[in-house]
Amino acid sequence: MSEVNILVAAGTDNGVLVFRPDGTGWVLKAQGLYGRKVPALAFHKDGTLYAGAANGTVYRSSDLENWEPLFDGLSHPSVHSLVFDPQDPNVIYAGTEPAAIFKSVNSGQTWTQLKAFNQVPGSAKWTNSVPPYRPKVTGLGFQGGRLVAAVEVGGALVSDDGGETWTEANEGLARDTNALATQADHLFATTGLGFHRSDNSGKNWKNLIAGLPYIFTQGLAVDSQDPKKLIMGVNKARRGGGAQIFRSTNGGDSWQITTNGLSTNGESCLTAIASGHGCFVAGTDKGDLFGTFDFGDLWRRIRPGLPPVRGVCVGPAQ
């Protein structure tokens with residue numbers, strides 16, 4: 001493993017850890033935000049790391065050691081998803097619990113709630129399957145200029161004007177959406193009823209579970225070089241353990257297990273998967289964190305004994 005030009009950030013129940021590959025292993029580069037549960041992470045293109053805390057707000061760090069809170073206007077401080085606008089690096093969106101979306105046009109210094117998001121016809125029925133039953137925005141992504149959001153439990157929504165207006169995109173999609181991934185021609189979602197793909201920007205979805213032993217899917221990432229290559233987490237049930245990782249080489253039409261090098265606790269659940277710069281990373285609720293540079297042919301443990309992992313991301317080394 002000679003790749004050394006990336007960083008892997010893991011958000012846990014006790015802050016953020018940042019690792020870099022070093023020869024055949026991984027070294028801890030930085031650690032911070034102690035006491036914060038961090039499910040959302042995003043690297044800015046300049047290397048600044050942004051973190052969304054479920055018991056805090058949005059934070060950012062340019063040196064991976066010191067963190068600045070960004071809360072002005074962010075009236076829902078429980079943050080579960082983050083995404084930068086690929087056309088304007090100063091624009092960032094945050095998805096929260098209760099389900100809402102906030103937009104910043106100045107790199108997080110101030111935030112404005114996108115109120116139209118909560119005015120779509122089905123929003124009154126949004127919920128969650130676990131106490132306290134508050135829906136949350138579990139995923140945000142861009143498909144070209146289109147902003148896409150996933151709500152647990154509420155399905156998918158799309159906006160073509162930067163979040164000023166929204167349309168529900170739920171035909172054929174299970175509403176218990178756990179993760180979201182986008183690609184130029186497709187949308188992908190993991191749900192409590194398996195993997196779903198839309199080939200027409202969310203107008204309708206297909207439920208694709210060929211090769212999957214269970215249908216509770218959580219965590220999803222697309223290969224940046226080949227959009228037909230996907231890696232996904234599969235659990236026996238939401239809290240039932242049995243964490244496994246599957247991959248697809250045909251956009252999700254079929255799935256094959258990829259476990260070489262994995263040694264997860266039998267009670268683990270996959271909680272987060274991310275990709276970037278030729279690397280895939282996966283984390284579990286038992287503190288397992290693994291990485292692969294060969295699309296899952298071999299997984300390597302990044303660091304044992306972490307707090308429960310809630311979010312991961314991959315970015316360029318500074």
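Keep in mind that what you see is a predicted model, and the values were worked out from it rather than measured.
Separation of atoms CZ (Phe43) and CG (Leu82) is listed at 12.5 Å; rounding is to 0.5 Å. One finds the CG atom of Asp88 at 11.5 Å from the CD1 atom of Ile92 (value rounded to the nearest 0.5 Å). Between Glu97 atom CD and His80 atom NE2 the span is 4.0 Å, to the nearest 0.5 Å. Summarising the geometry, atom OG belonging to Ser248 is positioned 5.0 Å from atom CH2 belonging to Trp255; distances are rounded to the nearest 0.5 Å. The distance from atom NZ of Lys103 to atom OG1 of Thr112, rounded to the nearest 0.5 Å, is 9.0 Å. Going from atom CG of Leu64 over to atom CZ of Arg20 covers 12.0 Å, rounded to the nearest 0.5 Å.
The two residues Asp253 and Ala210 come nearest to each other via the heavy atoms O-CB, 3.6 Å. When every heavy atom of Ile273 is checked against every heavy atom of Ala282, the shortest pair comes out as CG1-CB, 4.0 Å. Closest approach of Pro39 and Ala54 over heavy atoms only: CD-N, 3.7 Å. The heavy-atom pair separating Ala181 from Leu220 by the smallest distance is CB-CD2, 3.8 Å. Of all non-hydrogen atoms in Ser198 and Trp205, the two that sit nearest each other are N-CE3, 3.5 Å. Nearest heavy-atom pair, Gln143 versus Ala184, reported as atom, atom and distance to 0.1 Å: NE2-O, 3.6 Å.
Here Phe84 and Tyr93 keep their ring centres 6.0 angstrom or further from each other. Under the 6.0 Å cut-off for aromatic ring centres, His196 and Phe188 do not qualify, their centroids lying 6.0 Å or more apart.
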### Task
Report the C-alpha distance between Leu270 and Ile245 in whole Å, list the side-chain angles of each, state the deciding distance to 0.1 Å, and finish with yes or no for side chain to side chain contact (heavy atoms under 4.5 Å, CB included).
CA-CA 8 Å; Leu270 259 297; Ile245 298 179; 4.2 Å; yes
### Query
After noting the C-alpha distance and the side-chain angles of Tyr59 and Leu33, does the key distance pass the side chain to side chain contact (heavy atoms under 4.5 Å, CB included) rule?
CA-CA 9 Å; Tyr59 302 83; Leu33 286 182; 3.8 Å; yes
### Lys136/Asn128 under side chain to side chain contact (heavy atoms under 4.5 Å, CB included): CA gap, chis, key distance, verdict
CA-CA 8 Å; Lys136 59 187 175 183; Asn128 204 316; 4.0 Å; yes
### Task
Begin with the C-alpha distance, continue with both residues' side-chain angles, and end with the deciding distance and a verdict on side chain to side chain contact (heavy atoms under 4.5 Å, CB included) for Arg247 and Asp297.
CA-CA 10 Å; Arg247 64 184 178 183; Asp297 286 342; 2.9 Å; yes
### Task
Please step through salt bridge (charged side-chain N to carboxylate O under 4.0 Å, His left out) for the pair Lys228 and Asp223, ending with a clear verdict.
CA-CA 7 Å; Lys228 291 187 177 181; Asp223 190 303; over 6 Å; no
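The closest side-chain heavy-atom distance from Leu114 to Phe102 is not below 4.5 Å. Between Pro213 and Gln244, some side-chain heavy-atom pair lies under the 4.5 Å cut-off. The closest side-chain heavy-atom distance from Val18 to Gln31 is not below 4.5 Å. Put simply, the side chain of Val148 reaches to within 4.5 Å of the side chain of Leu187, judged on heavy atoms. No side-chain heavy atom of Val153 sits under 4.5 Å from any side-chain heavy atom of Trp126. Taking 4.5 Å as the limit, some side-chain heavy atom of Glu68 sits within range of a side-chain heavy atom of Gln109. You'll find the side chain of Ile302 stays beyond 4.5 Å of the side chain of Phe290, heavy atoms only. Proximity of Val151 to Leu157: side-chain heavy atoms (C-beta onward) are separated by under 4.5 Å at one or more points.
Between the side chain of Asn178 and the backbone N or O of Gly139, no donor-acceptor pair lies under 3.5 Å. Judged by distance alone, with hydrogens and angles left aside, the side-chain atoms of Asn106 form a donor-acceptor pair with the main-chain N or O of Thr110 at under 3.5 Å. Remark: side-chain polar atoms of Asn207 are paired, donor with acceptor, to backbone N or O of Phe195 under 3.5 angstrom. Side-chain atoms of Ser81 come within 3.5 Å of backbone N or O of Val137 as a donor-acceptor pair. Between the side chain of Ser275 and the backbone N or O of Cys279 there is no donor-acceptor pair closer than 3.5 Å. A donor-acceptor pair is defined here as one N or O able to donate and one able to accept, closer than 3.5 Å; such a pair exists between the side chain of Arg60 and the backbone of Ser107. A donor-acceptor contact shorter than 3.5 Å is absent between the side chain of Gln113 and the backbone of Lys115. Distance alone, capped at 3.5 Å, places no donor-acceptor pair between the Asn5 side chain and the Ala317 backbone. With hydrogens and angles disregarded, a donor-acceptor distance shorter than 3.5 Å links the side chain of Thr138 to the backbone of Thr177. The main-chain N or O of Thr191 is found under 3.5 Å from a side-chain atom of Thr217 such that the two form a donor-acceptor pair.
The aromatic rings of Trp166 and Phe117 lie perpendicular to each other, with more than 60° between the two planes, well past the 30° mark.
Each of Asp285, Asp13, Thr271 was evaluated against Arg310; a single residue qualifies, Asp13, per the side chain to side chain donor-acceptor pair (under 3.5 Å) test. For the side chain to side chain contact (heavy atoms under 4.5 Å, CB included) test with Trp299, the passing option among Asp288, Thr292, Thr259 is Thr292; the others fail.
Heavy-atom contacts from other residues, nucleotides or ligands closer than 6.0 Å to CZ of Phe142 number more than 12. Taking a 6.0 Å sphere around CD of Glu171, one finds it holds 12 or fewer heavy atoms contributed by other residues, nucleotides or ligands.
Residues passing the side chain to side chain contact (heavy atoms under 4.5 Å, CB included) test with Pro89, sequence neighbours excluded: His44, Lys45.
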